[in-house]
2 protein chains.
Amino acid sequence: MAKLRRVVLERLMRYYRFLSESSFKKPPQTITSAQIAEALDIDPTQVRKDFGTIGLLGIGRVGFDVCEVCRAIRFNLGFDQRQEAVLIGTGHLGTALLAYSGFASYGLHIVAAFDSDSDKVGGEIAGCAVKPMRAMKPYIKRRGIRLAILTAPHEVAQKLADRLVSAGIKAIWNFAPTRLTAPPDVLVRDEHISLGLSVIAHHLAQATRPDRGQDTEGRAP
Amino acid sequence: MAKLRRVVLERLMRYYRFLSESSFKKPPQTITSAQIAEALDIDPTQVRKDFGTIGLLGIGRVGFDVCEVCRAIRFNLGFDQRQEAVLIGTGHLGTALLAYSGFASYGLHIVAAFDSDSDKVGGEIAGCAVKPMRAMKPYIKRRGIRLAILTAPHEVAQKLADRLVSAGIKAIWNFAPTRLTAPPDVLVRDEHISLGLSVIAHHLAQATRPDRGQDTEGRAP
DNA sequence: CCCCTATTGAGATTTTTTTCACGTTTACTA
DNA sequence: TAGTAAACGTGAAAAAAATCTCAATAGGGG
Ligand SMILES: NC(=O)c1ccc[n+]([C@@H]2O[C@H](COP(=O)([O-])OP(=O)(O)OC[C@H]3O[C@@H](n4cnc5c(N)ncnc54)[C@H](O)[C@@H]3O)[C@@H](O)[C@H]2O)c1
Ligand SMILES: NC(=O)c1ccc[n+]([C@@H]2O[C@H](COP(=O)([O-])OP(=O)(O)OC[C@H]3O[C@@H](n4cnc5c(N)ncnc54)[C@H](O)[C@@H]3O)[C@@H](O)[C@H]2O)c1
């Protein structure tokens, strides 16, 4: 399995989600790159190139076999392997992620949650037990967990990440607004939700104060 | 105010969050592009270029004035204007966003929430009233709200987006795993949280089944 | 005051990503 | 069975993004 670039991986995810919708599961079960491109607002050539990089071949005048595409994406993205994860920090966002049922279709299963708050420890959220922090490292080691979802406050994020790494974690999905550092063999994905706000706020600000010749003075447009 | 590209906007957001941290607010209140670059894992030239595009000039041997940089970013990203928003769908994720206090520092204030569930209507989440759907359009029109945060289920997302647009909304921050379509003057930001999963899952799958093929990396071009 | 060095701004260059252009393949129809 | 048109694969071109190079500048030490 070749290593794929981030942009490609993210597009593959979009193809997968689109094709997983039931409407394409009935015969003839084929779809053209143009149809996918249209629905996802991507160039058709890009779709074919992406499929090419994971070894998918379409057939002229017909397109691609939907099931085969899904299978190839599942394989390359590792959705065909059960992936167990732990979640650290059962606050508002942690609870939302625990309650979210959509991850199972990507092979992801959150098998335990950990929190430092003794009021939460011992409880259960969406069927997942909340355990004390001291139980974290042994749990991860014993079950060979490789993925951690970090939804703890910003201030403790890096410290928790270090503990996770020392427990043997190989990937961290970080929702705290912090850039985590970790050894090179540990993948960190910073999921900065509020980045999106920059695009939105700028768009709205643009509408409010239109560009009246700000930079090169004197040259009225 | 010039229109900025998405990649630039997102980096500006990262600079802003980094510089907002109190540690740089004390004298001498200057910072070099290299320091920012180091902390954020970005090329120093990139930092200077980004600052240049929003009209910021540094001074040789000193760097940039932190306050001035923050002010310029706030202006260009519109954080200096109070931005009121409504939230549709007060489920798990909606609740988390309502409870999140971090948005205020970007000028964003969620002033009302709407839900179709009569059990939730009339209640209050994190100090924000939950109103019935029929009240949505009048509320948006009356208060001149331009931004909507969409945290309703996938199946109803597009229909709700259409209603929001007809109510006069100019930007939609969409958390449902759907690609929304809207008129060109309405900005849609699809915040697909699970896209990050593609990168993580692929990384973990790679470790499990290393490339039994030949080369080390895709040398396609 | 003048030299030294860290740091900037901007043009040049490289790398990455997207799009175009076109020859080839395949199914359908007459 | 040949003609046609829809769809593919691929290499070239274009566009976008990131990085490199270097003269100019400014603070600080001698
Ligand atoms: N809620 C959102 O919408 C949202 C949006 C963007 C980013 N975030 C980020 O996600 C993270 C969590 O947000 P939240 O709203 O769920 O916060 P929260 O305060 O509701 O939850 C934080 C949880 O972490 C636990 N915790 C605190 N210190 C801990 C430690 N040392 N070890 C283990 N657990 C610890 C707390 O007990 C709590 O349960 C924060 O970093 C926040 O910035 C949240
Ligand atoms: N929870 C997560 O971690 C997570 C992660 C990724 C994506 N998402 C997406 O975010 C969205 C919300 O997720 P959630 O976990 O909060 O779901 P949820 O079921 O907890 O909440 C959905 C809310 O929407 C309301 N709703 C349903 N139909 C409505 C309608 N027609 N009009 C107005 N409100 C309506 C429901 O009453 C409910 O309060 C979903 O699209 C989900 O796919 C959630």
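To find a chain, count down the sequence lines: A is the first, B the second, and so on, and within it residues start at 1.
To the nearest angstrom, P of C:dT24 lies 17 Å from CG of A:Leu57. The nearest whole Å value for the distance from the CG atom in B:Leu56 to the C1' atom in C:dT7 is 16 Å. To the nearest angstrom, C1' of D:dA18 lies 13 Å from CG of B:Asp41. Taking atom CG of residue B:Asp65 and atom P of nucleotide D:dG27, one finds them 13 Å apart after rounding to whole Å. Between A:Ile31 atom CD1 and D:dA6 atom P the separation is 18 Å, expressed in whole Å. Note: CG (B:Asp50) to P (C:dG9) measures 12 Å, nearest angstrom. Separating the CD1 atom of A:Ile59 from the P atom of D:dA5 is a distance of 21 Å, rounded to the nearest angstrom. The distance from atom CZ of A:Phe64 to atom P of C:dT25 is 16 Å, rounded to the nearest whole Å.
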Applying side-chain contact (heavy atoms from CB on, under 4.5 Å), run through B:Leu93 and A:Tyr100 and close with a yes or a no. CA-CA 9 Å; B:Leu93 188 56; A:Tyr100 188 52; over 6 Å; no

Could you go through the side-chain contact (heavy atoms from CB on, under 4.5 Å) check for B:Ile193 and A:Trp173 one step at a time? CA-CA 11 Å; B:Ile193 289 174; A:Trp173 198 5; 3.9 Å; yes

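Taking every side-chain heavy atom of A:Val7 into account, C:dT17 is the closest of C:dT17, D:dG9, C:dA27. Each of D:dC8, C:dT26, C:dT17 was ranked by its minimum atom distance to the side chain of A:Ser33; first place goes to D:dC8.
Between B:Arg61 and the phosphate of C:dC4, there is no side-chain N or O to OP1/OP2 separation shorter than 4.0 Å. At the phosphate of C:dT17, neither OP1 nor OP2 sits under 4.0 Å from any side-chain N or O atom of A:Arg6.
Under 4.0 Å is where a charged nitrogen must lie from a carboxylate oxygen, and between B:Arg14 and A:Asp190 no such pair does. Taking a cutoff of 4.0 Å between a charged side-chain nitrogen and a carboxylate oxygen, A:Glu10 and A:Arg189 qualify as a salt bridge.
Between B:Phe51 and B:Phe64, the ring planes are perpendicular. Angles over 60° get that label, and only those under 30° would be called parallel.
B:Gly63 comes within contact range of the sugar-phosphate backbone alone, with a heavy-atom separation under 4.0 Å but no base atom that close.
With hydrogens and angles ignored, the 3.5 Å screen pairs no side-chain donor or acceptor of B:Ser198 with any backbone N or O of B:Ser194.
Judged by distance alone, the side chains of B:Arg5 and B:Thr53 never bring a donor and an acceptor atom under 3.5 Å apart.
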Please list, for nucleotides 19-23 of chain D, all pairs of protein and nucleotide N/O atoms separated by less than 3.5 Å.
{"residue": "D:dT19", "atom": "O4", "partner": "B:Lys49", "partner atom": "NZ", "Å": "3.0"}

